[in-house]
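So the structure is just underneath, and the comments pick up after that.
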Amino acid sequence: MIKSKKIIFLILISLSALILSEPAGAQNIGRENIESALGMTEEIIQQAKEIVQNSRSQKARLRLQKASTLQNKARSEAGNFTNARKNALSYKLTMEAREEAKRAIASAKTETRILEKHRRIFEGTREKLSGLRERLINNDYDDMRTRKFIHDAEAMLEKSRTNMTQMRSQLALKLALNAQKLTSQAENRFRKIKNTRKMCERRLALMKRLTSRARDRIEESKEEKNRYRISMAEKELEKAKSLFREGRYNACRMTLVKSEKMIRNLINNLNSSGGEDRVREMLKQTWQFHERTKEAFERSQGSPDRGILKQAEKMLKAAEQNIRNGNTDQATRFINRARSILRKGSESAGPEITPGRIQARLEIVDSKKKETEIVIRNCRKEEGRALYERAVKHLNKAHQHFKNSQLKSASAEAGIANNLFDRITEICSI
């Protein structure tokens, strides 16, 4: 008896479950609600058709087709809206159709965004590559690594175009982005080569002057050991010139560093080993330099610091005293100090400092700052970044001095900033 009651109880539970398993709210969905839902879905499907029609997305078309199929089934199930179960099924189908239509719209819009992004990247990258090739030809640079970057980027752009034609827009965009990255690497490489070349040109000119000066000194000393040293330095200089002509600018730079070190060590040795006659000759030449600077001050239209002449004169007299006392090393130091002071004086005795001249100079340094900003973004050396911060501070000071009509101070600060920007370019090109 107990078992029979249990069986009856289980049957009742099963029947209740079947009743409750009818679509939720089936008895509550009326004709008006279903007609409204079907109408709204059809509006969304129509909107999707207009958007998908102008899209290349195959995924959007498939979703739209599915939405239309579901909507047709929903209309068919609804019939005359008298069956509660069919009403619920119709409502369920039309809501699914609506979601598919919305997904179709989203897929079509995503495809459009991809196409627009691809077009922008593709055209921009192609234009950059064309300009970069032209700059390589105009500057007569033959760097294999830069050319490889360009070749690979162009090949990737062509693959991107092919994939876009074959409706593989995602892959086409990825290839275009990779081509853009390679083009950026090519531009950075070109910029470094250009900066290294400029640096080599400046150092070659400097080495030419240093070598000539050292050769004159050695001819006077007539020491065979020094002749051999200058000969080795000149060989390194010729090697650097050859590397420069071949376009191997980084190798040229390293050879110049080696040659410059040899020349400067040789000049320092000559200065320190010079006897009293040599020091007296240095003193005589520096006094002549003093007189020329004095004459330049007299002719100058600017406002040179005439206290410089007194400082240099004081140093030279101290050198004379040390020569008389037989202390040639100390005399040499005083002479070198006097020369340094006089060089600064010669610079200050230039043309008249006017607002127009300073403004023009500031514009040049501002332009150089913009060029250096590009260099510093791709520079991994902390020294370069630290120098950039210093250079910007000096340039800001120059502008502030100019606003306050302190033209001499503005000129000095602009000069410091200019030199620092040049130094940054050299450091970051290595």
Side-chain angles (χ1 to χ4, degrees), residues 117-161 171-204 240 243-257 364-393 395 417-430:
K117 186 174 181 181
H118 175 270
R119 184 196 62 77
R120 188 173 66 253
I121 292 173
F122 185 91
E123 292 179 358
T125 303
R126 186 173 57 182
E127 186 178 344
K128 283 184 178 180
L129 285 171
S130 177
L132 190 55
R133 273 198 176 280
E134 186 177 346
R135 279 186 284 167
L136 280 171
I137 294 169
N138 292 340
N139 288 275
D140 195 24
Y141 291 157
D142 190 19
D143 181 64
M144 294 301 296
R145 192 172 173 188
T146 305
R147 293 189 182 280
K148 187 176 186 308
F149 280 138
I150 293 173
H151 177 269
D152 291 349
E154 288 175 337
M156 211 158 281
L157 275 185
E158 189 58 36
K159 287 181 182 178
S160 175
R161 185 208 299 272
L171 181 56
L173 177 59
K174 184 177 179 181
L175 288 166
L177 287 168
N178 288 338
Q180 185 185 52
K181 184 178 178 181
L182 286 171
T183 303
S184 178
Q185 289 176 318
E187 286 182 321
N188 292 338
R189 175 75 179 174
F190 173 80
R191 195 177 296 112
K192 285 185 178 181
I193 292 170
K194 186 178 179 181
N195 292 334
T196 306
R197 177 174 178 170
K198 286 182 179 179
M199 182 183 67
C200 285
E201 286 177 336
R202 290 196 299 270
R203 289 204 171 190
L204 279 170
L243 290 168
F244 183 84
R245 287 192 294 270
E246 293 171 8
R248 298 166 61 187
Y249 304 119
N250 198 47
C252 169
R253 177 193 61 78
M254 291 187 288
T255 304
L256 281 170
V257 169
I364 291 170
V365 182
D366 283 333
S367 176
K368 188 170 288 188
K369 177 192 171 187
K370 291 179 182 177
E371 294 176 2
T372 312
E373 283 175 359
I374 300 172
V375 173
I376 208 70
R377 279 201 295 269
N378 302 295
C379 183
R380 298 180 180 178
K381 299 191 177 180
E382 291 300 325
E383 184 184 357
R385 297 179 183 280
L387 287 176
Y388 179 76
E389 291 179 4
R390 283 177 53 195
V392 171
K393 286 180 181 178
L395 182 56
N418 184 73
N419 293 336
L420 287 171
F421 286 135
D422 286 339
R423 179 60 181 152
I424 291 164
T425 300
E426 289 185 8
I427 290 171
C428 293
S429 299
I430 298 173

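No experiment lies behind these values; they were computed from the predicted model shown. Hydrogens, waters and symmetry mates play no part in the numbers below; they use all other heavy atoms, side chains included. Along the sequence shown, residues are numbered consecutively beginning with 1.
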Checklist entry - Taking it one step at a time, do Asn195 and Lys192 satisfy side chain to side chain contact (heavy atoms under 4.5 Å, CB included)? => result CA-CA 5 Å; Asn195 292 334; Lys192 285 185 178 181; 5.7 Å; no

Which atom pairs, donor and acceptor, lie under 3.5 Å between side-chain atoms of residues 147-156 and protein residues at least two apart or in another chain?
from   : atom 1 : to     : atom 2 : distance (Å)
Arg147 : NE     : Asp142 : OD1    : 3.0
Arg147 : NH2    : Tyr141 : O      : 3.1
Lys148 : NZ     : Asp152 : OD2    : 2.9
Glu154 : OE1    : Arg133 : NH2    : 3.3
Glu154 : OE2    : Arg133 : NE     : 3.0

Item to check | Working for salt bridge (Lys or Arg N to Asp or Glu O under 4.0 Å), residues Glu123 and Arg119 | outcome: CA-CA 6 Å; Glu123 292 179 358; Arg119 184 196 62 77; 3.1 Å; yes

Item to check | Residues in side-chain contact (heavy atoms from CB on, under 4.5 Å) contact with Glu127, at least two apart in sequence or another chain | outcome: none

Next on the checklist: Would you compute the distance between atom CG of Asn188 and atom CD1 of Ile193 and round it to the nearest 0.5 angstrom?
Outcome noted: 11.0 Å

Item to check | ring-ring contact (aromatic ring centres under 6.0 Å, His included) against Phe122, all qualifying residues, sequence neighbours excluded | outcome: His118

Item to check | Smallest separation among heavy atoms of Glu187 and Leu132, with atom names | outcome: N-CD2, 3.9 Å

Checklist outcome for this item: Asp366 and Leu395 have their tightest heavy-atom pair at OD1-CD2, 3.3 Å

Checklist entry - When rounded to the nearest 0.5 angstrom, what distance separates CG in Leu243 from OH in Tyr249? => result 11.0 Å

Item to check | Pairwise ring pair (Phe, Tyr, Trp, His ring centres under 6.0 Å) hits with a residue in residues 370-393, at least two apart | outcome: none

Item to check | Side-chain touch Thr125/Lys128, heavy atoms, less than 4.5 angstrom | outcome: no

Checklist entry - Taking 4.0 angstrom as the limit, do Glu389 and Lys393 come out as a salt bridge? => result no

Checklist outcome for this item: Sorted by chain and residue number, the salt bridge (Lys or Arg N to Asp or Glu O under 4.0 Å) partners of Lys368 (sequence neighbours excluded) come out as Asp422

Item to check | Non-neighbouring partners of Thr146 that pass side chain to side chain donor-acceptor pair (under 3.5 Å), sequence neighbours left out | outcome: Asp143

Item to check | Where Cys200 and Cys252 come nearest, the two heavy atoms and their spacing | outcome: SG-SG, 3.4 Å

Item to check | Partner residues of Arg126 under the salt bridge (Lys or Arg N to Asp or Glu O under 4.0 Å) criterion, sequence neighbours left out | outcome: none

Checklist outcome for this item: Taken in chain and number order and not counting sequence neighbours, the residues that satisfy salt bridge (Lys or Arg N to Asp or Glu O under 4.0 Å) with Arg161 are Glu158

Expected list for residues 174-186: side-chain donor-acceptor pairs under 3.5 angstrom, two or more places apart:
from   : atom 1 : to     : atom 2 : distance (Å)
Asn178 : ND2    : Lys174 : O      : 3.4
Thr183 : OG1    : Ala179 : O      : 2.8

Item to check | Partners meeting side chain to side chain donor-acceptor pair (under 3.5 Å) with Asn419 (sequence neighbours left out) | outcome: none

Checklist entry - For Leu204, which residues count as a side-chain contact (heavy atoms from CB on, under 4.5 Å) partner, sequence neighbours excluded? => result Leu237, Ala240, Lys241, Phe244, Leu256

